[in-house]
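The structure appears right after this line, and notes come after that.
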Amino acid sequence: MCFFFQLSSTLTEQGLRYDGQRSAESWNLGQWESFATSLAMACCHTLSLTRKRKLIGHPVDRAMFRAANAKLLEVNGATAVVKTGDGMQVNVLRRFDFDHNRMTQSVVVRLPEGRLVAIVKGSGENIHGICRLATIPESYFDFMEAQARKGVYQIAVGIKDLPPHTDVSKLTRDEIESDIEFSGMLNFSNHIRENTGDVIRELDEANIQSIMLTGDSLFTGIHVARECGLLGKRQTVIIAYLKDGKVLWTAEDVDSISRPEVDDLNIVDDAIAMTGETWQFMLATDPEYARKVAPFIHVYGRCSPHDKVSVVDTFVNLGFKTVMCGDGGNDCGALKAAHVGVALSDSDASIVAPFTSLEKDIGSVLTVLKEGRASLASTIAVFTFIVMYGVISSYCQVISYIMDASFSDWMWVYVDGVQTICFSLTLPLALPALKLSKSRPTPSIASRQTGASIVGMILICFAFAGISLWVLSGEDWYKCRKWNADAIAADEVLAGYDNYEVRLAVKRACLLSFNDAAKVLTSVDCACPCAMQMEVLFLVSMTVCCEPPTCLWKLFSRSLNRRTADGLRASDGRCRRHKLWIRIPTYLVPELCIRGIRPWLFLLARVHCLCARKALVLLARQLHKRQCGSTGRCSRSNSDWQPVCDNRT
């Protein structure tokens, strides 16, 4: 699985901080302003105004406009009126939006003296391609690379004069963005978000690869990737770039290296960074090598929207589960191409992305992943529980049939109508885990993992149930509930409900149903808010359907069935509670096998249950005293009731 992140306003904070400019007129003197660069900051944008006169538009344009101390007086579609920082009023006659393929933006303005000027801004590489070479400083690319390695966001600016009487409406973008004069470079800084490092670290601990797709400079992307932990501090970065139709390879401390072989690369120690143009060239000329080396590429710089879609599609075809996180219109294609798209803005990206973060926080990607895992795991847990419950209740009923007994209607109502529904409604309420785990839920209900879990659970239950019955039947003291089916009249079939074996069968069904629910719940990476309800339901099951050493069950059973136990043969008085060595393999050993790595949790729950049962016994005795007298004991001479093989009174 891999996450793709856009750089600006995703890994970094929204908005940029203006750090100054370097004009072409004073290139070798350092930071120095000029009329052309200041005019570009005030006019070359597509900002607009709300009814409350609030600026809206791209964060870079807003930061640049505020740094120029300009005011937007009027906006009317593609035209605007701007007041510069020195008080000059400029009419913007035409505005072209930023083109992600060209990586440029341009405007045509008329100055107060009537001068008609075209202003173009964009990436340093693209502005260099449309400027007159005589106006480009010699250290142009060296300066760009040095600033990019420091994480500086750079915008190059060019300008040219147009004939005063030119019909602006007939000008094409190609005519405006050609043969311009280089004016200078605008520098901005952008700090990473406070939680970016924690998000990248948690994804890395969950064995989820993080990849950067950015339209910014490749070296800026490498710098930010180092800061946020996307690239390790000791990780060697191999840089690939395209020059004269060839892919050249360099390292951070080596000028030129040979093309790395995939077998020699280490996913932990080595990382590759390249531009979108280089990726497209590799994919076209050597697609097999490009697909093999793709998992080792951590940073893609100067990516157009088409480049981002190409990268995401490649990983999808390689079998990766992909998530794209972006905030701009240039991320729309990648947001749709990925399996999951998360938008961190209210722009076009929020329309195409399945998920939009209202908080505009990168931590939302973790929330989406955790919630998705919890939903999938809880759904499979409910399916697994229902299947195992059906099988377990069936073989418990078969056991009771072997003993010529049957569950009463109210037993079925409780087991099917109360307990199963409560568990089925509780399991889907599982909350996502607080931290991502390396283990991932199976993606399908019909997967091998789900099938093996169900079959394994059923086999374990069958095996221990058979062993328990076999051992129990071999005991010399086991003589209770020997039914004489011929002695029971058809109209007294309900007498088969009041017996020791049915109580044991219902007890085992309730216990295993609880264990199944606990097993499928603890096997998924989630936290259940209804664990207390499950525990309470378990205690109720053990109290109502089990064998408390009081007359509570007798009263309960008698009031439901309204029958006597005439069809039962009297006990010889040797019926005892199951011996401990029989109860342990019946209940404890299957639990330890099922719960696996969490036996201590099971033992703690059992201690808790025993303490609760003691409290319920005291309560039952008090209730019985009110109905059976101060002695709290049932009378064996009661003509309407015969003790069902229980000499503990």
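Keep in mind that this is a model prediction, so the values were computed, not measured.
- With Ser106 contributing its side chain and Phe96 its backbone, the two residues share no donor-acceptor pair below 3.5 Å.
- Between Glu202 and Leu436, the shortest heavy-atom contact is OE2-N, 3.0 Å.
- For Ser26 and Ser23, the side-chain atoms include at least one donor-acceptor pair closer than 3.5 Å.
- Shown are Asp331, Thr214, Asp313; of these, the side-chain hydrogen bond (donor to acceptor under 3.5 Å, both in side chains) with Lys308 is made only by Asp331.
- For the residue pair Thr104 and Asn126, no side-chain donor N or O sits within less than 3.5 Å of a side-chain acceptor on the partner.
- Arg302 contributes a side-chain N or O that, together with a main-chain N or O of Gly215, makes up a donor-acceptor pair within less than 3.5 Å.
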Test Tyr140 against His128 for ring pair (Phe, Tyr, Trp, His ring centres under 6.0 Å), laying out the working first. CA-CA 9 Å; Tyr140 181 85; His128 178 274; 5.5 Å; yes
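- Neither side chain, Thr135 nor Glu181, offers a donor N or O lying under 3.5 Å from an acceptor on the other.
- At distances below 3.5 Å, not a single donor-acceptor pair connects side-chain atoms of Arg201 with backbone N or O atoms of Thr196.
- Arg17 and Ser189 are linked by a side-chain donor-acceptor pair at a separation below 3.5 angstrom, with hydrogens and angles left out of the test.
- Judged purely by atom type and a 3.5 angstrom limit, Ser437 uses its side chain to pair as donor or acceptor with the backbone of Ser439.
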Start with the C-alpha gap between Phe143 and Phe141, add the side-chain angles, then the distance that decides, and say whether ring pair (Phe, Tyr, Trp, His ring centres under 6.0 Å) holds. CA-CA 5 Å; Phe143 172 77; Phe141 286 106; over 10 Å; no
Output a table of donor-acceptor pairs, distance under 3.5 Å, between side-chain atoms of residues 279-296 and any protein atom two or more places apart or on a different chain; print 'none' if there are none.
unit_1, atom_1, unit_2, atom_2, d
Trp279, NE1, Ser310, OG, 3.2
Gln280, NE2, Asp307, OD1, 3.1
Thr285, OG1, Phe281, O, 2.7
Asp286, OD1, Tyr289, N, 3.4
Asp286, OD2, Arg259, NH1, 3.0
Glu288, OE2, Lys292, NZ, 3.4
Tyr289, OH, Pro260, O, 2.5

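- Between Arg102 and Asp174 there is a salt bridge, with a side-chain nitrogen of the basic residue lying less than 4.0 Å from a carboxylate oxygen of the acidic one.
- The aromatic rings of His100 and Phe98 stand perpendicular to each other, their planes meeting at an angle above 60°, with 30° marking the opposite boundary.
- Tested against Leu186, the residues Met41, Lys121, Gln154, Arg22 include a single side-chain contact (heavy atoms from CB on, under 4.5 Å) partner, Met41.
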Please step through side chain to side chain donor-acceptor pair (under 3.5 Å) for the pair Trp27 and Ser139, ending with a clear verdict. CA-CA 9 Å; Trp27 184 262; Ser139 59; 2.9 Å; yes
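- Side chain of Ser378 to main chain of Ala374: a donor-acceptor pair is present (N/O by atom type, distance under 3.5 Å, no hydrogens or angles).
- Identified under the salt bridge (Lys or Arg N to Asp or Glu O under 4.0 Å) test for residues 226-249, with sequence neighbours left out: Arg226-Glu252.
- Between Leu213 and Val311 the shortest side-chain heavy-atom distance falls below 4.5 Å.
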